[in-house]
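Sequential numbering from 1 along the given sequence is applied to the chain's residues. What's counted below: heavy atoms across the whole structure, side chains too, no hydrogens, waters or symmetry copies.
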Amino acid sequence: MDLRESNSRRRLSPQPNPAGRNKLVSAARVAPSKSRLISPMNLTKILAALLVSLPVLVTLSLVLRNPSPDRIKGFADARIIERLVTNDTSSSSSSEDGFSDHTHMPKDKLQDGLIVPGFDEASCLSRYQSNLYRKISPHKPSSHLLSRLRSYEDLHKKCGPHTKSYNKTLEQLKSGSPSTGVDSSEECKYVVWISYSGLGNKILTISSAFLYALLTNRVLLVDPGKDMADLFCEPFPENSWLLPDDFPVKDRFNAFDQKSPHCYGNILKSENNKIANASPSFLYLHLAHDYDEQDKLFFCDDEQSLIEKVPWLFMRTDNYFVPSLFLMPSFEQELEKLFPEKETVFHHLGRYLFHPSNHVWGLITRYYQAYLAKADERIGIQVRTFEAGPSPLRHVMNQIYACAFKEKLLPQVERKKPIVTSSPGMPKLKSVLITSLTSGYSEDVRNMYWEHPTVNGDTIGVFQPSHEGHQQTDKNLHDQKAWAEMYLLSLCDVLVTSAWSTFGYVAQGLGGLKPWILYKPENKMTPDPPCGQVMSMEPCFHAPPFYDCKAKKGVDTGALVPHVRHCEDMSWGLKLVDSHESHDQL
């Protein structure tokens, strides 16, 4: 150590001096030392350094204050979800992250008026919380649809289970006495949906039955089957849509078939005048995939005028039969007012009717927050195969990759380099949600993105909530997981679905998405092209009638009007499209 420096430090140390002389001496000695440090040359160097660094500091400040929207997207989603937990019912108008908590809440929370306020929020958390997880739909319900839904809710309140009007109509059903056929505003009429088929089919067929109820001023009652009450909240205020356990005909549902004496098609075969002269107290409508030509006459206006007089209709179907309702002249004008955008029927009715129960909502929200919330982009891939064999089927796996890479839904991987050091643009975090009965497909995709870097630097996470092995219809937990997975798929930004699958139809409709559909493979070969984007988000009617009711002859019902076309995944099926979309495809 330099002796002078040591002596100087000792002199600067406080010394006991009653007169205070040491303090003055120290100050006098320090002052010259500081002046030597800030010489004119040193001052010039400091100023030059500040001038050089100033632009860098300003640029860095602007970048930190205005991050790329792409990079904050996933984290913004997560912060919105945090508000759900901490401040769901507050009325504050701003939050620390810069998002307005409730500026748009009344409109978003009620989904543009589809949902009405006044429900007990705790009994069905999803009803008023789904807006925090889902993008605002660009497809707005028509004012006429909203008006009709409010009118229906009043009708359901008046005629729902255990009301005076319901009890009166029920007595007529119990007695088996024929209906008078008088259409009185005081009378209530019903369509009872009989639980049937898998969960995806159930959701689509309930929507079909509800639209039919709207068009014919009937009340929809739903047979709860084994687990409907555990899957969905009540959609209508003040009265249940579930058929009561003590309903008198309920124990006969399993026996209803096409040969039943009350089956509409069977009656037409033998005693057509029976309905015209003295309407029965109820009819069984067999609209499942195996229905015959007489059953299909349900979609003819002349027959509807007879069915209209019957107070109780019991419907079994596994078909989304909405497209055929749009081909009926008697409903044409009303449907035009209800759905100016033809492809939004299930999008609106599905979001109105189907709110996950609290248990299912827990499955959805926990999974979303853990695996999907922070992603810049969420890609859903729904895999449903109808072939036997070990998972993954190689030709199906190749088809998924071919579709995802061709349509640029997922990035390719670099197989020659262990690390990609540079990439154009800002790398993104993408979450891939795969749903399948088996785990093989997600494992294959996950391993590929773990073992190889992406060519563009994106980070890919691959997730699969469950793999149940095989479909287990009407098993409670299995159906709860299936419903949760449909809903999670609907929250994705991009969707790939499998041909013929109602599971995928539900997801695309709820999410308002036009997915890329994987064409059905033939002879274990990957189709070319592997997939195509659908014309509309509407589900496909798999078993439509091909009959001209006026001409009483067969006809291609997919070529009658611009807004009903054949499906991309099933050439004989029908689906609703907006007219401009259908012309683009021709």
Which atom pairs, one a donor and one an acceptor, fall under 3.5 Å between side chains of residues 550-557 and the rest of the protein, sequence neighbours left out?
unit_1: Asp556; atom_1: OD1; unit_2: Gly558; atom_2: N; d: 3.0
unit_1: Asp556; atom_1: OD1; unit_2: His566; atom_2: NE2; d: 2.7
unit_1: Asp556; atom_1: OD2; unit_2: His566; atom_2: NE2; d: 3.4
unit_1: Thr557; atom_1: OG1; unit_2: Pro545; atom_2: O; d: 3.0

task = Output yes when Glu538 and Lys575 qualify as a salt bridge under the 4.0 Å nitrogen-oxygen rule, no when they do not.
result = no
Set of residues satisfying side-chain hydrogen bond (donor to acceptor under 3.5 Å, both in side chains) with respect to Thr435, sequence neighbours excluded = none
key: Stacked cation flag Arg148 on Tyr152, 6.0 angstrom / 45 deg   = no
inquiry  = Less than 3.5 Å apart, any donor N or O on the side chain of Asp257 or Ser260 sitting next to an acceptor on the other?
reply    = yes
task = Evaluate the criterion ring pair (Phe, Tyr, Trp, His ring centres under 6.0 Å) for residue pair His542 and Tyr505; output intermediate values, then yes/no.
result = CA-CA 12 Å; His542 284 176; Tyr505 296 160; 5.6 Å; yes
query = In terms of side-chain heavy atoms, does Ser330 have a donor or acceptor partner in Gln304 at a distance below 3.5 Å?
reply = no
message = Between Lys226 and Asp479, does any NZ, NE, NH1 or NH2 come within less than 4.0 Å of an OD or OE carboxylate oxygen?
response = no
ask   = When the ring planes of Phe256 and Phe253 are compared, do they come out parallel, tilted or perpendicular, using 30° and 60° as the limits?
value = tilted
Tyr291 six-ring face occupied by Arg316 cation (under 6.0 Å, within 45°) = no
inquiry  = Are Leu433 and Pro465 packed together at the side-chain level, in the sense that at least one heavy-atom pair is separated by less than 4.5 angstrom?
reply    = yes
request  = With sequence neighbours excluded, tell me which residues meet ring pair (Phe, Tyr, Trp, His ring centres under 6.0 Å) with His359.
outcome  = none
key: No-hydrogen, no-angle side-chain donor-acceptor test under 3.5 Å, His144 and Glu334   = yes
request  = Measure the acute angle between the ring planes of Phe282 and His262, then classify it against the limits of 30° and 60° as parallel, tilted or perpendicular.
outcome  = parallel
task = Would you please say whether a donor-acceptor pair under 3.5 Å links the side chains of Gln111 and Ser130?
result = yes
